[in-house]
Enquirer: 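Pasting in a structure now, in structure tokens, and then I'll have a few things to ask.
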Amino acid sequence: MDSTSFYQKPETTDEFREFYKRLEKKNAAPLWENLAEIVPVQPRPRAVPALWRYEEIRPFLMESGKLITTQEADRRVLILANPGIKDRPQIADTLHAGLQLILPGEVAPTHRHTAAALRLIIEGDGAYTTVEGERTTMYPGDFLLTPSWTYHDHGNLSDAPTVWMDGLDFPLVNYLNTSFAERHPEDVQPVTQKEGDAHARYGSNLMPIDYKPPSLSAPIFNYPYARTREVLDQLYRNGPLDSWHGIKMQYVNPATGGYPMPSISAFVQLLPSGFRSRSYRSTETTVYSVVEGRGCSEIGNSTFEWAARDIFVVPSWYPASHEADKETVLFSFSDRPVQKVLGLWREQTV
Ligand code: 1HN
């Protein structure tokens, strides 16, 4: 019996095949021939565990900077394409991840779409993203949101290339046939708020009185790394260290305590030098970006050695353990909120 199914297909005879042919003409099919495929006994993602080394991808990113302008490309992004998913480039079954380059002086025009996006800044100081009229300047390690249907654009006023990882939920959004997208009536939306307003108003353990969240996403759209790093340092000093996760925290919507966006969760974790995590798996698809450090991860039967700025993916239900050769900070994002709301999310320490 196929170990991925509780059900064994009946032997197919000529009589069956002839029946199936006639059935197909009527746009119908026998469930018993498809049951094993339709109801696997455990998740069977198409995506496989995979790693992208920044030092290998960066030259291609810079080459793309010579080939096409941001204006021409709209967004100059190299998609991280999972080798297990052949028909379209995406990092995993439910999520997109890519590396976006914006060169000094460039502007990526304003648009909005129903897919939700996040950024994790990888290289460069001083480029900005504007979300719904408020700019935020970005530094390495910063975690940014552009929630569903918010107007956003990017610009680079610094004198160095800026690179970030994009994470989007559009494989999910497209699966549900819920994608809408449009450009802003102007090439670049007007800036209507002072920089830092959202953070002061909603991100400082204070809320405007009578505040009612107008959307399912966080009202702040930058979680600066400087503050996050201090927190990780302090929590490491205070302990305890979790055997599976090190010091792991989740990013929250400060207005609700919930996920930053309704479809995407995000996490940051510190693994001390020499730390070896125990093995863990969950049903969520998780994309990791190494913010600092060096080490390796065992994912399923494969081992991946990583360094700062590398990206790797752990598809649903693959056991993963991480080892840090020096103090490491991992950022990660996943589709956990969608699984939770459907009552499907599972985890297991293995
Ligand atoms: C998008 O709008 C951005 O706004 C980046 O920076 C990556 C990947 C797929 C679809 C839309 C951006 C994207 C994207």
Side-chain angles (χ1 to χ4, degrees), residues 47 52 57 60-61 64-65 68-82 85 87-124 126-140 142-158 161-189 191 217 221-223 260-261 263-264 266 285 287 289 311 313 331 333 335:
W52 291 262
I57 302 288
F60 287 93
L61 203 51
S64 75
I68 192 163
T69 64
T70 285
Q71 200 68 34
E72 289 165 333
D74 200 65
R75 299 294 189 262
R76 189 195 290 109
V77 176
L78 296 183
I79 302 173
L80 305 180
N82 193 287
I85 303 177
D87 57 338
R88 61 186 66 167
Q90 59 192 51
I91 196 163
D93 300 72
T94 54
L95 296 170
H96 158 99
L99 286 168
Q100 181 163 171
L101 167 67
I102 183 157
L103 292 169
E106 285 191 324
V107 171
T110 309
H111 67 201
R112 63 178 176 178
H113 33 71
T114 49
L118 63 84
R119 332 268 163 213
L120 196 274
I121 313 312
I122 291 185
E123 172 179 338
Y128 67 83
T129 284
T130 308
V131 182
E132 291 287 310
E134 185 177 330
R135 263 187 192 179
T136 188
T137 308
M138 308 182 290
Y139 301 96
D142 287 1
F143 165 50
L144 269 82
L145 311 180
T146 60
S148 177
W149 212 239
T150 55
Y151 277 121
H152 56 279
D153 52 76
H154 319 293
N156 187 351
L157 302 172
S158 81
T162 291
V163 177
W164 59 78
M165 174 180 73
D166 292 307
L168 284 97
D169 62 0
F170 72 73
L172 270 173
V173 170
N174 289 344
Y175 193 70
L176 297 170
N177 289 305
T178 47
S179 176
F180 293 90
E182 66 186 14
R183 279 196 187 283
H184 193 272
E186 296 161 72
D187 193 38
V188 175
Q189 67 181 314
V191 173
S217 296
F221 54 96
N222 191 352
Y223 298 73
M261 298 189 286
S263 56
I264 300 182
T285 294
V287 176
S289 167
I311 293 169
V313 63
F331 168 86
F333 70 97
D335 54 8

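For ligands, and for the atoms within them, numbers begin at 1 and follow the listed sequence.
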Enquirer: On a heavy-atom basis, which atom in Leu95 and which in Asp169 lie closest, and how many Å separate them?
Expert: CD2-CA, 4.3 Å

Enquirer: Checking Thr110 against Gln189: is there a side-chain donor and acceptor pair closer than 3.5 Å?
Expert: no

Enquirer: What are the atoms of ligand 1, with element, lying closer than 4.0 Å to any heavy atom of Arg119?
Expert: 3 (C), 4 (O), 5 (C), 6 (O), 12 (C)

Enquirer: Quick one: which ligand 1 atoms are inside 4.0 Å of a heavy atom on His96?
Expert: 8 (C)

Enquirer: Side chain or backbone of Leu168 under 4.0 Å from ligand 1, or both, or neither, by non-hydrogen atoms?
Expert: side chain

Enquirer: For the residue pair Thr146 / Arg119, report whether a side-chain donor-acceptor contact shorter than 3.5 Å exists.
Expert: yes

Enquirer: Can you list the ligand 1 atoms lying under 4.0 Å from a non-hydrogen atom of His154?
Expert: 4 (O), 6 (O), 12 (C)

Enquirer: Is there any N or O on Arg75 that sits under 3.5 Å from an N or O of ligand 1?
Expert: yes

Enquirer: Heavy-atom contacts with Gln100 under 4.0 Å: which atoms of ligand 1 show up? List them by number with element.
Expert: 5 (C), 6 (O), 12 (C)

Enquirer: Please say which of Thr162, Leu157, Asn156 ends up in a side-chain contact (heavy atoms from CB on, under 4.5 Å) with Tyr128.
Expert: Leu157

Enquirer: Determine the sole option in Glu182, Glu186, Arg183, Glu132 for which the side chain to side chain donor-acceptor pair (under 3.5 Å) test with Tyr151 is passed.
Expert: Glu182

Enquirer: For Asp166, counting its heavy atoms only, list the atoms of ligand 1 lying under 4.0 Å from any of them.
Expert: 5 (C), 7 (C)

Enquirer: Is the ring centre of His111 less than 6.0 Å from the ring centre of His184?
Expert: no

